[in-house]
Amino acid sequence: MKKRAISTVILLSMLAACVSCGGTSEEVKDTTDAVSDDATSGDEVTTEDPRFAIKEELPEKDYGGDKIRFFFRWAGVPDLWCADMYSESLTGEVVNDAVYNRNRKVSERFGVYFTQIKSSDNDAYTDGTKAILAGEDAYDMIFPHGQGAFHTYAYQGLLLDYNTDLPYVDLDKPWWDQDARKSFELNGKLFVVTGDISYLSLAETECMLFNKKLFDDLGEEYPYELVRSGNWTFDEFKRLVEEGTKDLNGNGEQKPEDDQYGLVTSMYCMPCNVITTTGGRIVDKDESGDPVVTIYTERTEKAMNDYFRLFYSDACYLEGSRRYDGSSKDYDARKIFSDGRALFFDGLLTEVNDMRDMNDDYGFLPVPKYDETCEKYYTKVDAGNHMPCIPKTSSDPERTSIILEALAAEGYRTVIPAYYEVALQRKYTRDTESADMLDIIKDGRVFDIGYYFLGDSLCVVGYDMAVAGKDNFASICASKVPGVEKRIKKVMETYGK
């Protein structure tokens with residue numbers, strides 16, 4: 001695999017992807033000490049890394065110890081939803097330490113320090129909105145769930161506009177995601193966007209793992225060359241899934257406790273990603289930039305029908321909804337794969353950590369294209385990722401924009417390389433080809449405004465079909481699209497005005 005240089009100091013600043021935020025509304029000051037020369041790990045930085053050649057255009061400022069207050073949602077699991085932005089100390093874990101050092105560098109550069117404020121309940125939005133509605137300058141940056149960023153904050157007019165109110169945020173820089181920027185701008189307003197400021201924009205991306213031993217047992221070639229040639233499609237995927245299914249105990253029944261499946265996934269993963277794999281979206285933009293419902297076409301109907309016939313067969317195991325603590329009322333799809341009883345696992349990059357103790361070798365793949373006409377291997381980014389939002393009550397938007405831009409730029413240069421190149425490519429993957437696959441997965445990420453905000457009841461149509469056990473995509477769209485179109489019209493009449 002291609003080895004990119006990453007400083008040992010940089011590596012130590014990266015924050016663990018699963019460190020969480022506490023359970024009460026409290027503020028914690030960052031009291032981390034300076035990084036010593038021997039408290040480093042990883043490769044030496046060289047000038048060969050092109051990320052370091054791209055600089056942010058920021059003035060020299062010293063804010064004399066000002067606090068930068070991060071507001072995080074509380075999900076009932078310690079540190080689950082703040083690890084991408086905040087770390088209290090070096091731990092030796094690559095991604096955790098990268099976030100720590102990223103924050104420390106920005107802190108020293110501009111004379112600020114970072115604090116975390118944790119919501120007092122599992123909703124997280126009550127605390128955040130109360131302060132803004134009361135006109136209080138309580139937080140500098142809010143990091144809500146992706147859908148909550150729109151429904152709770154942006155739609156109520158509680159946020160500053162990235163386009164006009166944050167003068168030092170340069171959205172043309174590579175650390176801001178351009179698909180999210182284009183998709184999330186409504187009425188010329190961009191209240192919500194994301195990028196390399198949070199590694200969750202990558203970690204919450206849907207991808208696929210495959211079991212190499214089972215491929216070898218079947219005498220099948222690994223699909224890497226199919227991916228590179230653009231021929232990794234649903235038809236080939238379906239063939240392999242069906243071939244990889246076995247009734248191991250010979251009792252004539254497929255049971256997740258005992259048997260082997262061609263595909264295991266959850267109802268919130270692959271069923272909700274089918275539209276994206278066709279190159280379609282729930283809601284897209286017309287030539288004027290206005291949102292339009294695009295979920296239903298003859299192509300998407302055919303794709304949904306093809307996929308759901310596979311989902312409903314004995315070749316696939318669909319796990320029901322899973323809680324953040326990992327519990328589920330159903331048998332864990334991840335365990336089936338890690339036990340070596342599934343050819344494919346479809347899930348989020350964050351779930352790769354669950355496979356680290358797996359005995360069988362595995363590899364990464366993008367979710368297959370529906371057919372060869374797709375330009376890329378498109379895949380959705382789940383709304384669980386963070387969307388940095390700036391409250392309209394901010395007393396110093398200029399300062400906030402400077403710190404925001406600096407954090408995003410350092411995230412691009414150090415945190416994302418740590419998460420992507422070190423944590424994924426070197427630690428979890430077990431071959432050089434998987435590293436190439438991750439490049440392809442990253443390139444095909446889609447931030448669908450229909451999934452995050454405007455799709456309403458259509459945003460989880462795949463999940464609804466999985467629960468119902470019916471191939472009723474056309475009838476669902478016929479019944480729900482008119483209502484969603486009316487809602488979009490209503491939203492656009494007031495959004496940002």
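Just so we're clear, the structure is a prediction, and the values are computed from it rather than from any experiment.
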**Message:** If I take atom CZ from residue Arg487 and atom CG from residue Leu458, how far apart are they, to the nearest 0.5 angstrom?
**Reply:** 11.0 Å
**Message:** Ring centres under 6.0 Å, that's the criterion: do Phe345 and Tyr362 meet it?
**Reply:** no
**Asked** Is there a donor-acceptor pair closer than 3.5 Å between any side-chain N or O of Ser198 and the backbone N or O of Leu200?
**Response** yes
**Item:** Backbone N/O of Ile132 and side chain of Thr393: donor-acceptor pair under 3.5 Å
**Value:** no
**Message:** Please report whether the ring centroid of Phe70 lies less than 6.0 Å from that of Phe143.
**Reply:** yes
**Asked** For the rings on Phe191 and Tyr495, is their centre-to-centre separation under 6.0 Å?
**Response** yes
**Request:** Test Phe453 against Tyr155 for ring pair (Phe, Tyr, Trp, His ring centres under 6.0 Å), laying out the working first.
**Result:** CA-CA 9 Å; Phe453 181 36; Tyr155 192 28; 5.8 Å; yes
**Asked** So, Trp175 versus Glu410: side-chain donor-acceptor pair below 3.5 Å or not?
**Response** no
**Asked** Phe71 pairs by ring pair (Phe, Tyr, Trp, His ring centres under 6.0 Å) with which of Tyr153, Tyr86, Tyr139?
**Response** Tyr139
**Item:** Minimum side-chain heavy-atom gap Arg228-Asp436 below 4.5 Å
**Value:** yes
**Message:** Any carboxylate oxygen within less than 4.0 angstrom of a Lys/Arg side-chain nitrogen, looking at Arg399 and Asp140?
**Reply:** yes
**Prompt:** So which heavy atom on Leu454 is nearest to which on Val484, and how close?
**Reply:** O-CG1, 3.4 Å
**Asked** Angle class for the Phe72/His386 ring planes (parallel below 30°, perpendicular above 60°, tilted otherwise)?
**Response** tilted
**Request:** Go through the steps to decide whether Glu185 and Arg181 satisfy the test salt bridge (charged side-chain N to carboxylate O under 4.0 Å, His left out), and finish with yes or no.
**Result:** CA-CA 6 Å; Glu185 184 176 271; Arg181 177 187 181 184; 5.7 Å; no
**Item:** Sidechain N-carboxylate O distance under 4.0 Å for Lys173, Asp196
**Value:** no
**Item:** Neighbour count above 12 (heavy atom, 6.0 Å) for Lys285 NZ
**Value:** yes
**Test item: Asp346 side-chain N/O and Met270 main-chain N/O as donor-acceptor pair under 3.5 Å** = yes
**Request:** Could you walk me through whether Tyr452 and Asn385 pass side chain to side chain donor-acceptor pair (under 3.5 Å), step by step?
**Result:** CA-CA 11 Å; Tyr452 282 83; Asn385 72 90; 2.8 Å; yes
**Item:** Taking every non-hydrogen atom, the tightest pair across Tyr199 and Val415
**Value:** CD2-CG1, 3.8 Å
**Message:** Is there a side-chain contact (heavy atoms from CB on, under 4.5 Å) between Glu351 and Phe337? Walk through the geometry before answering.
**Reply:** CA-CA 12 Å; Glu351 297 179 283; Phe337 184 79; over 6 Å; no
**Request:** Examine distances only and state if a side-chain atom of Thr379 and a backbone atom of Val367 form a donor-acceptor pair shorter than 3.5 Å.
**Result:** no
**Residues Asp357 and Ser338: side-chain donor-acceptor under 3.5 angstrom** = no
**Item:** Pairwise distance CG(Asp284) to CD1(Ile282) - rounded to 0.5 angstrom
**Value:** 11.0 Å
**Request:** Give the C-alpha distance, both sets of side-chain angles, the deciding distance and a yes or no for side-chain contact (heavy atoms from CB on, under 4.5 Å) between Glu206 and Cys272.
**Result:** CA-CA 10 Å; Glu206 192 162 332; Cys272 292; 5.9 Å; no
**Message:** Does any part of the side chain of Leu190, heavy atoms only, come nearer than 4.5 Å to the side chain of Asp161, both counted from C-beta?
**Reply:** yes
**Prompt:** Are the side chain of Asn187 and the backbone N or O of Lys189 linked by a donor-acceptor pair below 3.5 Å?
**Reply:** no
**Message:** Tell me if a side-chain donor or acceptor on Lys380 pairs with a main-chain N or O of Thr276 at a distance below 3.5 Å.
**Reply:** no
**Complete:** Separation between CD1 (Ile197) and CZ (Arg102), nearest 0.5 Å, reads 6.0 Å
**Request:** Specify whether Tyr222 and Phe210 have parallel, tilted or perpendicular ring planes, treating 30° as the upper limit for parallel and 60° as the lower limit for perpendicular.
**Result:** tilted
**Asked** Under the 3.5 angstrom rule, does the side chain of Ser119 hit a backbone N or O of Arg73 as a donor-acceptor pair?
**Response** no
**Message:** Could you tell me if Tyr377 and Asp443 have a donor-acceptor pair between their side chains, going purely by distance under 3.5 Å?
**Reply:** no
**Asked** Quick check: does any side chain N or O of Glu204 sit under 3.5 Å from a backbone N or O of Thr350, one acting as donor and the other as acceptor?
**Response** no
**Request:** Verify, without hydrogens or angle tests, whether Ser201 (side chain) and Gly195 (backbone) share a donor-acceptor contact under 3.5 angstrom.
**Result:** yes
**Message:** To the closest 0.5 Å, what do you measure between CH2 (Trp176) and OH (Tyr412)?
**Reply:** 14.0 Å
**Asked** Is there side-chain contact between Trp232 and Met437, with heavy atoms separated by less than 4.5 Å?
**Response** no
**Prompt:** Any salt bridge between Arg281 and Asp179, counting N to O under 4.0 Å?
**Reply:** yes
**Asked** Roughly how far apart are Phe114 CZ and Lys67 NZ, rounded to 0.5 Å?
**Response** 13.5 Å
**Asked** Can you find a pair of side-chain heavy atoms, one from Phe344 and one from Leu365, that are under 4.5 Å apart?
**Response** yes
**Request:** Please determine if Lys335 and Glu319 form a salt bridge, counting it only when a charged side-chain N lies under 4.0 Å from a carboxylate O.
**Result:** no
**Complete:** Of all heavy-atom pairs linking Leu158 and Thr152, the shortest is CD1-O, 3.9 Å
**Item:** Check against side chain to side chain donor-acceptor pair (under 3.5 Å), Thr400 and Tyr168
**Value:** CA-CA 9 Å; Thr400 298; Tyr168 286 101; over 6 Å; no
**Request:** Quick one: closest heavy-atom pair of Ala154 and Val192, and the distance?
**Result:** CB-CG2, 4.1 Å
**Message:** Keeping Ser229 on the side-chain end and Leu226 on the backbone end, is there a donor-acceptor pair under 3.5 Å?
**Reply:** yes
**Complete:** In this structure, NZ of Lys442 is separated from CG of Asp439 (nearest 0.5 Å) by 8.5 Å
**Prompt:** So which heavy atom on Leu202 is nearest to which on Tyr419, and how close?
**Reply:** CD2-CD2, 3.7 Å
**More than 12 heavy atoms of other groups within 6.0 Å of Asp172 CG** = yes
**Message:** Whether Arg109 and Glu56 form a salt bridge (side-chain N of Lys/Arg under 4.0 Å from carboxylate O of Asp/Glu) is what I want to check.
**Reply:** yes
**Message:** So which atom in Pro271 and which in Ser266 form the shortest heavy-atom distance, rounded to 0.1 Å?
**Reply:** CD-O, 3.3 Å
